[in-house]
Each structure stands twice: as structure tokens, then as C-alpha cells.
Amino acid sequence: MSLRHRVVNRPSYQWGETNREVVLNVDIADAREADTTFLLMPDGMLKLSTTDSQGHSYEMCWELRHRVRVEDSTCAVHPREIKLTIAKLADEKWTKLQREGVKKPPQERVNWDMFCDSSGESEEEKEKAGIP
């Protein structure tokens, strides 16, 4: 009788924020939408698991910095990534993705293009509004 060891991969990801949301782009190519599980709790506990088209398993857990609005948050599976859009409960700047005491994992990168400038609007929000 042989026992197969299941290898769970920890993909790299980038995160950024606007005034209203935090966005995580998780680098997983060819994720199977049917195998993707997105679990988000109001206290900021977040879990993502999926399998890609070659059968590789991926799993990530985060303890987000602040409370969130679960009902307004989404998970979208794209060909090269999974995009998690997490609605903030309060309009506040997040200086880190995760709570105090949680060490930043090596897979984490900051998407500086998402961050708000001194006017409080991100480049993405400005572009949508037609502001140079």
C-alpha cells in the first residue's frame, strides 16, 4: 500500500489598495474555477485554495490587517492569476496587508500602482475618472 504525499504550493502574489478596497493578484496560471475556494470572514481571515490544469494544488491563508465587508468582496479566476477584491469596512489606509505580529511571507509583493496618492485617489481611480 502506497501513500501519496500531497504537495501544496504557495504562489507569489501582489497586493495594493484604494480608498474602498484591497486587491490581491495571486500568480496561478490555469487555475480551475470549479476547484477554487475563496473563504473570507468579517474579521479578515482569508483562505484561498485551488488546483491548476496540471493538478498542482495551491493554498494561501491571510490574517488581514482590518475587518472587511464580506458581501462586497469578490474572487475572479483569470487565465494567469486569481484576483481577490476585498471591500474595506472602513475608509482607512492599510500600512501592511496582514495583522501585527504576522510575518510578511516571501511570496508577498506590493503593487505600488494600486496605492493612493496624497489626494486620496489611486492611479486606477484617476484613470477611470479621466483625471491626468
Side-chain angles (χ1 to χ4, degrees):
M1 175 185 213
S2 69
L3 296 176
R4 283 187 69 186
H5 178 68
R6 181 177 165 222
V7 175
V8 177
N9 299 291
R10 306 272 189 264
S12 62
Y13 62 93
Q14 301 81 40
W15 77 280
E17 69 172 333
T18 67
N19 288 334
R20 295 178 191 89
E21 61 195 22
V22 173
V23 177
L24 285 89
N25 295 306
V26 184
D27 300 325
I28 302 173
D30 301 321
R32 293 185 198 157
E33 190 165 2
D35 292 342
T36 301
T37 303
F38 167 69
L39 177 64
L40 178 63
M41 304 300 291
D43 66 357
M45 297 301 294
L46 170 61
K47 181 177 180 180
L48 173 70
S49 62
T50 193
T51 305
D52 68 16
S53 61
Q54 296 184 358
H56 300 118
S57 297
Y58 298 87
E59 189 172 288
M60 296 292 293
C61 295
W62 295 271
E63 294 180 44
L64 299 177
R65 186 136 181 96
H66 299 287
R67 295 183 61 80
V68 297
R69 288 193 333 261
V70 174
E71 64 279 3
D72 296 325
S73 300
T74 61
C75 173
V77 178
H78 299 284
R80 304 287 310 155
E81 68 181 10
I82 297 176
K83 183 177 182 178
L84 308 176
T85 304
I86 312 300
K88 293 179 177 180
L89 186 63
D91 183 12
E92 59 188 311
K93 184 177 171 104
W94 290 25
T95 56
K96 291 178 23 177
L97 178 62
Q98 297 195 72
R99 294 185 179 140
E100 288 297 324
V102 176
K103 186 177 177 187
K104 177 184 163 190
Q107 303 93 335
E108 182 178 303
R109 302 285 182 264
V110 175
N111 180 350
W112 293 111
D113 293 336
M114 285 288 304
F115 278 86
C116 300
D117 66 8
S118 60
S119 71
E121 295 180 324
S122 71
E123 292 299 317
E124 186 176 286
E125 287 173 323
K126 285 182 179 180
E127 192 172 292
K128 284 180 185 175
I131 300 170

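Bear in mind that the values here come from a model prediction, so they are computed numbers and not experimental data.
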Task: Residue among L40, D43, V102 satisfying side-chain contact (heavy atoms from CB on, under 4.5 Å) with L64 - done: L40
Task: Spacing of E21 atom CD and I86 atom CD1 [to the nearest 0.5 Å] - done: 9.5 Å
- [ ] Keeping to residues at least two apart or across chains, list the salt bridge (Lys or Arg N to Asp or Glu O under 4.0 Å) pairs with something in residues 23-35.
- [x] R32-D35
Task: ring-ring contact (aromatic ring centres under 6.0 Å, His included) contacts touching residues 18-53 (sequence neighbours left out) - done: none
Open item on the list: Taking NZ in K47 as the centre, count heavy atoms belonging to other residues, nucleotides or ligands within less than 6.0 Å. Is the count above 12?
Closed with: no
Open item on the list: Measuring only between side-chain heavy atoms, which start at C-beta, is T95 closer than 4.5 Å to R65?
Closed with: yes
Just distance, no hydrogens or angles: give the donor-acceptor pairs under 3.5 Å from side chains in residues 103-110, sequence neighbours left out.
residue: E108; atom: OE1; partner: Y13; partner atom: OH; Å: 2.8
residue: E108; atom: OE2; partner: W15; partner atom: NE1; Å: 3.4
residue: R109; atom: NH1; partner: P106; partner atom: O; Å: 2.9

Task: Whether N9 side chain and P11 backbone form a donor-acceptor pair below 3.5 Å - done: no
TODO: Among Ile, Leu, Val, Met, Phe, Trp and Tyr joined by side-chain contacts under 4.5 Å, find the other residues sharing a cluster with L39 and list them by chain and number.
DONE: M41, M45
Task: T36 and C75, any side-chain heavy atoms less than 4.5 Å apart - done: yes
TODO: Sequence neighbours left out, what pairs pass side-chain hydrogen bond (donor to acceptor under 3.5 Å, both in side chains) with at least one residue falling in residues 71-81?
DONE: R69-D72
- [ ] Please name all residues satisfying salt bridge (Lys or Arg N to Asp or Glu O under 4.0 Å) with R99, sequence neighbours left out, ordered by chain then number.
- [x] E63
Open item on the list: Looking at every heavy atom in both Q14 and N111, which two are closest together, and how far apart are they?
Closed with: CB-CB, 4.1 Å
Task: Distance-minimising heavy-atom pair for K96 and E100 - done: NZ-CA, 4.0 Å
Task: N25 CG to L84 CG distance, which is reported to the nearest 0.5 Å - done: 8.0 Å
TODO: Taking the side chain as every heavy atom from C-beta outward, state whether H66 and E92 have any pair of such atoms under 4.5 Å apart.
DONE: yes
Task: Note, V26 side chain near L48 side chain (heavy atom, < 4.5 Å) - done: yes
- [ ] Decide side chain to side chain contact (heavy atoms under 4.5 Å, CB included) for L24 and K83; before the verdict, give the C-alpha distance in whole Å, the side-chain angles of both, and the deciding distance to 0.1 Å.
- [x] CA-CA 6 Å; L24 285 89; K83 183 177 182 178; over 6 Å; no
- [ ] Drop me the distance from T50's OG1 to I82's CD1, to the nearest 0.5 angstrom.
- [x] 4.5 Å
Task: pair M60-Y58: side-chain heavy atoms closer than 4.5 Å - done: no
